[in-house]
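Everything numeric in this text was worked out from a predicted model, so none of it was measured. Indexing begins at 1, ligand by ligand and atom by atom, following the structure's order.
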Amino acid sequence: MVCFRSCSTLKNGAHDSSTVAMAKELIKRDILVLSMGCGNATLQQSGLTSMSAVELAGDKLRELCSELGIPPVLSFGTCTDTGRAAYLLKVLADHLDADIPDLPVVVTAPEYMEQKATIDAVFAVAYGLTVHVSPAPPITGSEEAVRLFTEDVERITGGKVVVEEDMKEAAEILERILLEKRERLMTTEEIRKFHVSA
Ligand code: SF4
């Protein structure tokens with residue numbers, strides 16, 4: 001699952017183009033999208049939060065959506081609803097007896113614009129999540145800051161920042177991370193079941 005938290009900006013292309021492109025790239029890779037922020041209104045207007053968008057999803061996500069009667073992009077509210085999203089992840093983690101960084105969940109902000117978005121990204125990294133952002137944040141003048149957010153922090157919280165302005169590339173990176181996390185979680189679950197039954 002991807003927590004999709006987008007503003008709306010002209011900094012990385014035409015207005016809302018990255019938001020729509022990223023959502024389409026994700027759902028066609030069978031990744032469910034939970035959408036928040038001003039970009040959520042864009043996804044509603046583009047029809048991606050409607051049942052008709054199921055046709056744009058990959059086979060597995062299409063099957064899941066049809067079975068549950070849900071669209072592939074779930075409209076979850078505004079950018080101030082990130083607290084509710086964090087709570088949802090906590091409930092999910094508790095249910096799976098896992099830690100937040102172990103969940104097959106990542107975050108994307110394909111058109112981040114202002115301070116609230118920055119704080120949300122820092123919170124998500126501290127919460128243990130990989131966070132994709134575009135455009136590149138204005139911290140590239142400091143090699144140390146870049147290394148801290150894109151590499152070193154992962155050893156502390158389990159989360160990190162991924163900067164990628166090409167939405168296809170970004171979706172591929174997120175898909176890879178999700179598949180790795182899912183495989184690790186399933187392996188852990190299998191080991192746990194083995195210990196319980198032994
Ligand atoms: S931070 Fe501002 S521009 Fe971005 S989603 Fe929230 S209200 Fe919209």
message: Counting non-hydrogen protein atoms only, what is the nearest one to atom 6 (Fe) of ligand 1? Give residue, atom name and distance.
response: Cys79 SG, 2.3 Å

message: Return the CG to CG distance between Leu96 and Asp102, rounded to the nearest 0.5 Å.
response: 10.0 Å

task: Compare all side-chain heavy atoms of Met113 with those of Ser8 and state whether any distance is below 4.5 angstrom.
output: no

Mode of Ser6 contact toward ligand 1 - side chain, backbone, both, neither (heavy atoms, under 4.0 Å): backbone

query: Can Met36 be said to touch ligand 1, with heavy atoms closer than 4.0 Å?
result: no

- prompt: What atoms in ligand 1 come closer than 4.0 Å to a heavy atom of Met113?
  reply: 3 (S)

message: Under 2.8 Å from atom 6 (Fe) of ligand 1, is there any N, O or S atom belonging to Cys7?
response: no

query: With backbone taken as N, CA, C and O and side chain as the heavy atoms from C-beta onward, which portion of Gln115 lies under 4.0 Å from ligand 1: side chain, backbone, both, or neither?
result: neither

query: Which of the numbered atoms in ligand 1 are below 4.0 angstrom from a heavy atom of Gly37?
result: 5 (S)

field: Contacting atoms of ligand 1, where contact means under 4.0 angstrom from a heavy atom of Arg5
entry: 1 (S), 4 (Fe), 5 (S), 6 (Fe)

- line: atom 7 (S) of ligand 1: closest protein heavy atom, distance to 0.1 Å, is Lys116 NZ, 3.5 Å

- request: Verify the distance test for Cys38 against atom 8 (Fe) of ligand 1: any N/O/S atom under 2.8 Å, yes or no.
  value: yes

message: Looking only at the side chains, is there a donor atom on one of Ser50 and Ser52 sitting less than 3.5 Å from an acceptor on the other?
response: no

query: Should we count CZ of Arg182 as having more than 12 external heavy atoms under 6.0 Å?
result: no

Residues, nucleotides or ligands: over 12 heavy atoms within 6.0 Å of Gln44 CD: yes

- prompt: Is the number of heavy atoms from other residues, nucleotides or ligands under 6.0 Å of Glu172 CD greater than 12?
  reply: yes

query: Can you tell me which residue and heavy atom of the protein come closest to atom 2 (Fe) of ligand 1, and the distance to 0.1 Å?
result: Glu114 OE2, 3.0 Å

task: Please report the shortest heavy-atom distance between Gly77 and Asn40, naming the atom on each side.
output: O-ND2, 3.3 Å

message: Any side-chain to backbone donor/acceptor pair from Glu154 onto Lys160? Under 3.5 Å, distance only.
response: no

